[in-house]
Asker: 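For reference, the structure I am asking about is given below.
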Amino acid sequence: MRKLLAVTALASALLAGCGSTPMSSDQAGASVEDRNATSTVQTPPVQTVTPGADGGSLSPLAELQNPDSPLSRRSVYFDFDSFVLRQEFQPLVELHARFLLANASVRMLIQGNADERGSREYNLALGQKRADALRRGLTLLGVPEDQIESVSLGEEKPRCIDSSEDCWAENRRADMLYSGEF
Amino acid sequence: MKHTLLAKTLFLVCWLLASLAAHAQLAIEITGAGANRIPVAIARFAGENALPAAVSDVVRSDLLRSGLFNLIETGPQAIGEDSLPDLTNFRIRGADAMLVGSVTELEGKRFEVRFRLFDTQRQTELGALALRMSATQHRATGHRIADFVYEKLTGLPGVFSTRIAYVVKTGKRYRLQIADADGENPQTALASLEPIISPAWSPDGSKLAYVSFEAKKPVVYIHSLATGLRSVVANFKGSNSAPAWSPDGERLAVVLTKDGQSQLYTVNADGSGVRRIASSSGIDTEPSWSSDGQWIYFTSDRGGSPQLYRVAPDASNLQRISFSGSYNVTPRPSPDNRSLAFVTRSDGRFQIAVMDLASRQVTILTDTERDESPSFAPNGRMILYATEIGGRGVLAAVSSDGRVKQKLTVQEADVREPAWGPLSR
């Protein structure tokens with residue numbers, strides 16, 4: 001494990017290092033900086049973000065990794081031009097609220113999304129409204145505000161890329177990510 | 001020893017990234033031209049064969065691309081500026097103005113370019129200039145000469161020496177690029193596997209503010225183009241987006257969600273001094289500062305649908321600007337603050353429109369259907385924007401009277417989020 005972490009650190013250092021290395025160029029233009037996201041080298045999230053959690057074999061976070069667990073469902077969908085949590089997602093929201101309440105050290109990042117039509121920045125704000133609606137659904141069930149951060153990806157990270165109603169519906173969505181997944 | 005190896009590897013990685021990034025050239029196609037184009041004769045410059053490419057070719061293609069000029073053929077013969085050309089002859093051929101010039105090699109592989117511009121009707125000189133340059137600066141010199149001609153003949157500053165910023169998406173990779181206004185000399189300022197949106201030039205052209213999602217959420221950065229160094233302007237809990245510079249370059253308007261919904265704030269360029277400048281129960285976003293510093297224009301859905309508003313930077317005097325239609329977004333004031341470019345939706349089409357701020361009259365300028373992100377040229381003549389043609393993101397430009405139209409494409413890539421840089425000083 002140590003070795004893997006070291007490799008990750010080295011890779012990050014390499015990539016981050018590009019930032020402080022101005023590229024010389026004849027035309028004295030822009031310098032190049034590279035930000036390859038941290039996903040370049042995969043590490044199991046349990047060990048990297050929750051030191052101490054590897055003591056017991058029944059880590060609560062292991063349940064999040066289990067594809068058969070109901071907690072593996074992380075997406076909530078919204079109607080067109082709507083920012084109201086649909087009733088059908090209430091059981092899922094309750095499930096995740098219980099998990100957060102039982103594991104106070106685990107944090108959640110909610111990423112809201114919007115379909116591609118119209119202004120990128122306005123869509124970013126629409127995605128935020130969806131993320132906020134889901135956050136409110138969780139805090140109403142008692143989850144502390146500071147355990148959750150709601151942000152928006154707007155139309156920038158579509159799960160579906162066709163220009164069709166089905167696709168747009170798939171992209172009107174908020175996703176729940178746990179510590180180690182963001 | 002270990003350090004040297006690391007440094008070498010680092011250099012290799014960065015060099016690879018840089019060389020991969022260098023090949024996204026914008027190709028510009030003119031799809032419409034002005035109604036009353038000025039006929040000009042641009043002669044070949046004496047001695048310009050000594051350069052890697054002719055300066056006068058750059059001048060000609062700049063003027064032609066603007067859609068405001070007609071080029072009158074001058075023949076293969078170079079005409080220097082040291083004697084008076086036969087202006088009567090060129091007037092008979094239809095030219096209203098004529099440019100002649102020469103290139104002289106100096107010590108140390110430097111060159112001097114001298115040129116004169118004449119009015120063929122009045123048979124008078126409109127101006128003359130001498131520029132010194134290295135051989136590789138022939139394009140930059142050509143742009144400066146084209147700017148000179150443009151200003152003398154139209155009364156407005158030319159924008160051929162300016163730069164544009166835009167985002168290219170190739171596969172899963174995003175690159176923030178800077179190119180000359182003619183699409184040449186593209187350079188990558190930032191490469192990322194996460195999206196980059198909303199680039200905004202600092203008023204002095206030395207920095208770009210933008211939103212990057214590399215932290216799995218939107219964060220606002222300022223990036224110095226000369227050094228490649230960057231700093232975080234806004235990384236509060238929630239989303240941080242839509243940076244817009246104040247005309248003095250000291251503050252930025254940004255959109256934060258730290259206190260609830262997307263709301264407008266101003267912040268010092270170093271990230272300090274956050275101040276809220278508007279409050280609504282809806283979305284406030286897409287701020288843009290007027291060049292006189294009096295207003296911050298923005299989009300808000302506080303009235304039920306997204307519409308254009310403005311507020312003074314001290315949070316006073318809030319006004320709604322747009323009243324017709326159910327979707328008016330992305331307000332961008334013209335450099336003279338007389339009009340406002342924005343995106344309007346009608347019949348499912350998103351188009352670039354311009355509003356005269358005195359009469360509030362709106363004119364739709366484009367015939368494309370998925371228009372976004374309008375950005376005025378610093379002389380106010382053209383509006384650069386993003387649209388979609390054949391399912392692919394392209395940049396396009398339209399003159400503020402709707403007559404001149406251009407399309408800018410990059411092979412095999414999506415281009416979006418254009419921002420036209422300021423006049424060079």
Side-chain angles (χ1 to χ4, degrees), chain A residues 10-11 13-40 81 83 109 111-112 116-129 131-132 135 145-146 148-157 161-163 177 181-182, chain B residues 6 9-11 13-15 17-18 21 136 176-178 185 187-195 197-198 211-214 216-218 223-230 237-239 241-242 255 257 260-262 283-286 299 301 306 327 329-330 343 345 350 370 372-373 391 416-417:
Chain A
L10 178 63
L14 276 172
L15 291 164
C18 298
S20 53
T21 313
M23 292 294 143
S24 65
S25 155
D26 253 9
Q27 285 123 337
S31 305
V32 173
E33 178 164 353
D34 194 273
R35 295 277 150 176
N36 275 313
T38 45
S39 58
T40 319
D81 214 17
F83 310 93
L109 181 71
Q111 294 175 328
E116 62 179 359
R117 291 167 293 177
S119 147
R120 286 177 190 277
E121 283 285 356
Y122 188 65
N123 285 340
L124 192 74
L126 294 179
Q128 184 72 35
K129 280 178 83 167
D132 288 345
R135 177 173 50 84
E145 284 275 357
D146 60 6
I148 312 173
E149 179 175 13
S150 54
V151 303
S152 180
L153 304 180
E155 64 173 273
E156 307 307 324
K157 299 280 276 185
I161 55 166
D162 297 331
S163 287
L177 282 71
E181 298 171 343
F182 58 89
Chain B
L6 180 64
T9 317
L10 190 59
F11 174 78
V13 170
C14 295
W15 179 82
L17 293 169
T136 53
L176 175 61
Q177 293 205 307
I178 317 290
N185 193 19
Q187 310 266 314
T188 298
L190 180 74
S192 177
L193 292 175
E194 297 295 337
I197 63 168
S198 305
V211 177
S212 168
F213 291 73
E214 65 205 48
K216 306 291 178 192
K217 58 177 268 186
H223 191 121
S224 163
L225 296 176
T227 62
L229 296 177
R230 30 179 238 164
K237 189 175 183 185
S239 298
S241 68
V255 172
T257 67
Q261 287 212 46
S262 303
I283 289 168
D284 290 351
T285 188
E286 302 189 304
T299 306
D301 67 359
Y327 192 97
V329 298
T330 328
V343 176
R345 185 184 66 197
F350 296 86
R370 301 284 298 268
E372 290 180 20
S373 311
R416 70 275 289 273
E417 298 294 89

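Per chain, numbering begins at 1; letters A, B, ... match sequence-line order.
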Asker: Given that the side chain runs from C-beta out, which part of Q111(A) has a heavy atom under 4.5 Å from chain B: side chain, backbone, both or neither?
Answerer: side chain
Asker: What distance separates E194(B) CD from K157(A) NZ, expressed to the nearest 0.5 Å?
Answerer: 3.5 Å
Asker: Which answer fits S150(A), side chain, backbone, both or neither, if we ask what part of it has an atom under 4.5 Å from a heavy atom of chain B?
Answerer: backbone
Asker: How long is the gap from CG on D284(B) to OH on Y122(A), to the nearest 0.5 Å?
Answerer: 10.0 Å
Asker: Look at G127(A), G154(A), S152(A) and state which one has the largest set of heavy-atom pairs under 4.5 Å with chain B.
Answerer: S152(A)
Asker: Which answer fits L124(A), side chain, backbone, both or neither, if we ask what part of it has an atom under 4.5 Å from a heavy atom of chain B?
Answerer: side chain
Asker: Measuring heavy-atom distances to chain B, does I161(A) have an atom under 4.5 Å in its side chain, in its backbone, in both, or in neither?
Answerer: neither
Asker: With chain A, which of V343(B), T330(B), D301(B) has the greatest number of heavy-atom pairs at distances under 4.5 Å?
Answerer: D301(B)
Asker: Flag the one option from Q128(A), E116(A), K129(A), E121(A) with the top tally of heavy-atom pairs under 4.5 Å to chain B.
Answerer: E121(A)
Asker: Heavy-atom pairs under 4.5 Å with chain A are the metric here; pick the option from T285(B), V255(B), V329(B) that has the most.
Answerer: T285(B)
Asker: Against chain A, label S241(B) side chain, backbone, both or neither, depending on which of its atoms sit under 4.5 Å from a heavy atom there.
Answerer: both
Asker: First locate atom CG of L109(A), then atom NZ of K216(B), and finally report the distance between them rounded to the nearest 0.5 Å.
Answerer: 10.0 Å
Asker: Using 4.0 Å as the upper bound for N to carboxylate O, is an ion pair formed by E155(A) and R117(A)?
Answerer: no
Asker: If you round to the nearest 0.5 Å, how far is CD of E286(B) from OG of S198(B)?
Answerer: 8.0 Å
Asker: Checking heavy atoms, do the side chain of L126(A), its backbone, both or neither come under 4.5 Å from chain B?
Answerer: both
Asker: Quick one: CD1 on I178(B) to CG on L225(B), what's the gap to the nearest 0.5 Å?
Answerer: 5.0 Å
Asker: Between E145(A) and R135(A), is there a side-chain N and carboxylate O pair less than 4.0 Å apart?
Answerer: yes
